[in-house]
**Student:** 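My questions will all concern the structure given below.
Index from 1, following the sequence. Note that ligands are numbered from 1 as they come in the structure, with each ligand's atoms numbered from 1 the same way. Remember, predicted model here, so these are calculated numbers, not experimental data. Atom set for the values below is all heavy atoms of this structure, side chains included, hydrogens, waters and symmetry mates excluded.
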Amino acid sequence: MTDTATSTTSASPRTGRVGVGLIGAGVISDQYLGNLTTFPDLEVLFVADLDLERAAAQAEKWGVPASGTVDELLARDDVEIVVNLTIPAAHVEVALAAVAAGKHVWGEKPYALDRESGSRLAEAARAAGVRVAVAPDTILGSGIQTGLRAVRRGDIGTPLTGLALFQVPGPESWHPSPEFLFAHGAGPMFDVGPYYLTTLVQVFGPVAKVTATSSKARETRVIGSGPKAGTEFPVEVPTHVSALLQFESGASAQAVFSFDSKLARAGFVEIAGTEGTAVFPDPNMFDGDTVLHTGGEETTVVPASGTTSTRGTGVAELAQAIREGRRERVPGELAFHVLDVMVSLAESAERDESVRVESSLEPTDELPEDWDPTVATLT
Ligand SMILES: NC(=O)c1ccc[n+]([C@@H]2O[C@H](COP(=O)([O-])OP(=O)(O)OC[C@H]3O[C@@H](n4cnc5c(N)ncnc54)[C@H](O)[C@@H]3O)[C@@H](O)[C@H]2O)c1
């Protein structure tokens, strides 16, 4: 398969602030709207959802001037970037509609549920001359940026191997509508894997080959919070994945993604190099120091440095990249490659064999240390 997910870098003819419309007014929309409405380079103009009352409530809560249907949002000329916060099964359909309306897209992860629909979206974006950039933008946070800077300036010598661990009891205890997190396109690997895998790809470059095993602890789970608490629902996907990754560079990494452990242990990525090991902070968060181990008991803390803004930071960076006609730092091809890696891991576990990953990409540059999405750059 070729890398069909390269985003365009053509400059938009428009200038000034970038108009944003948000689709999907669910749980994560609060964090997005809380940030997007404070970024001066963006103007949040519209909130849409299948549930019109939910869209209206979120618009009112965050001072967004209008709300309504997806079609109403897409008909607006002043919306240049559509922020797609729908459930994973709707990501491609909603993004394709936005692309067809000539909009750039920032989407939540994953890019798609399968390579075919992901490729279709990337092709549509390329043909329309718009960009589809997809989370996680946690890699722009001070935590992962600081770790990346340390590794790239040689603090641990040549990076050789990686270790990533995410094991928890499962999100059905706290998410009021957790069914989608256990449906096709989710599970611990598709839901949380993008944070860890994107970080590993930023360090080691593209993945060439994967091997995995997977399992499912229970056929059903019970919702633990909200109006549906006590409701039983089916588990459609593996809830534990053990993964081995071989990178094009020859480096390797191992990772565990699990909703099946009563012992919650998660939130780090270790990179072992020829001269030391770097422990990155939680790749699902935007901050945290990096710790360097260079032998014996000695450790060096590299304090997190960079923007402290959270989800939505990637939308501000995308808006600036569009105006400046340069590649964004969380590009679609990165999320597409990570999707390809996750699909390959699922195939490896199903077929009991290693799987080659065909897509590839160049990791993106670090942000300038003083970059700040709360500072206006577009006038
Ligand atoms: N909840 C979190 O902590 C979290 C964190 C990071 C990323 N995410 C990602 O954000 C996305 C949304 O997650 P969530 O927890 O907010 O989900 P949610 O179920 O709370 O909200 C999704 C919203 O999208 C709407 N929707 C679904 N299909 C639609 C369509 N075709 N058109 C318009 N609206 C549609 C739903 O009505 C709902 O209001 C997912 O991709 C998830 O992986 C969630």
**Student:** Note every protein N or O atom lying under 3.5 Å from an N or O atom of ligand 1, pairing the names and giving the distance.
**Tutor:**
unit_1	atom_1	unit_2	atom_2	d
ligand 1	15 (O)	H175	NE2	3.0
ligand 1	16 (O)	V27	N	3.1
ligand 1	16 (O)	I28	N	2.9
ligand 1	20 (O)	V27	N	2.9
ligand 1	34 (N)	L50	N	3.4
ligand 1	37 (O)	D49	OD1	2.6
ligand 1	39 (O)	D49	OD1	3.4
ligand 1	39 (O)	D49	OD2	2.6
ligand 1	39 (O)	R54	NH1	2.5
ligand 1	41 (O)	T86	O	3.4
ligand 1	41 (O)	H91	NE2	2.9
ligand 1	41 (O)	K109	O	3.1
ligand 1	43 (O)	K109	O	3.4
ligand 1	43 (O)	K109	NZ	3.1

**Student:** What do you reckon, is CD of E353 surrounded by more than 12 foreign heavy atoms closer than 6.0 Å?
**Tutor:** yes

**Student:** Can you name the ring pair (Phe, Tyr, Trp, His ring centres under 6.0 Å) partners of F268, sequence neighbours left out?
**Tutor:** none

**Student:** Show me the donor-acceptor pairs, under 3.5 Å and distance only, between side chains in residues 137-148 and residues at least two apart or in other chains.
**Tutor:**
unit_1	atom_1	unit_2	atom_2	d
D137	OD2	G312	N	2.9
D137	OD2	T313	N	3.1
D137	OD2	G314	N	2.9
T138	OG1	P283	O	2.8
S142	OG	F286	O	3.3
Q145	OE1	L367	N	2.8
Q145	NE2	I139	O	2.7
T146	OG1	S142	O	2.6
T146	OG1	R149	NH2	3.4
T146	OG1	S305	N	2.9
T146	OG1	S305	O	3.3

**Student:** Who pairs with D78 by salt bridge (Lys or Arg N to Asp or Glu O under 4.0 Å), at least two apart in sequence or on another chain?
**Tutor:** R76

**Student:** Is the number of heavy atoms from other residues, nucleotides or ligands within 6.0 Å of CD (E93) greater than 12?
**Tutor:**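 Result for CD/E93: open.
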
**Student:** Take V82 and V99 through the side-chain contact (heavy atoms from CB on, under 4.5 Å) test and state the conclusion after the steps.
**Tutor:** CA-CA 9 Å; V82 167; V99 166; over 6 Å; no

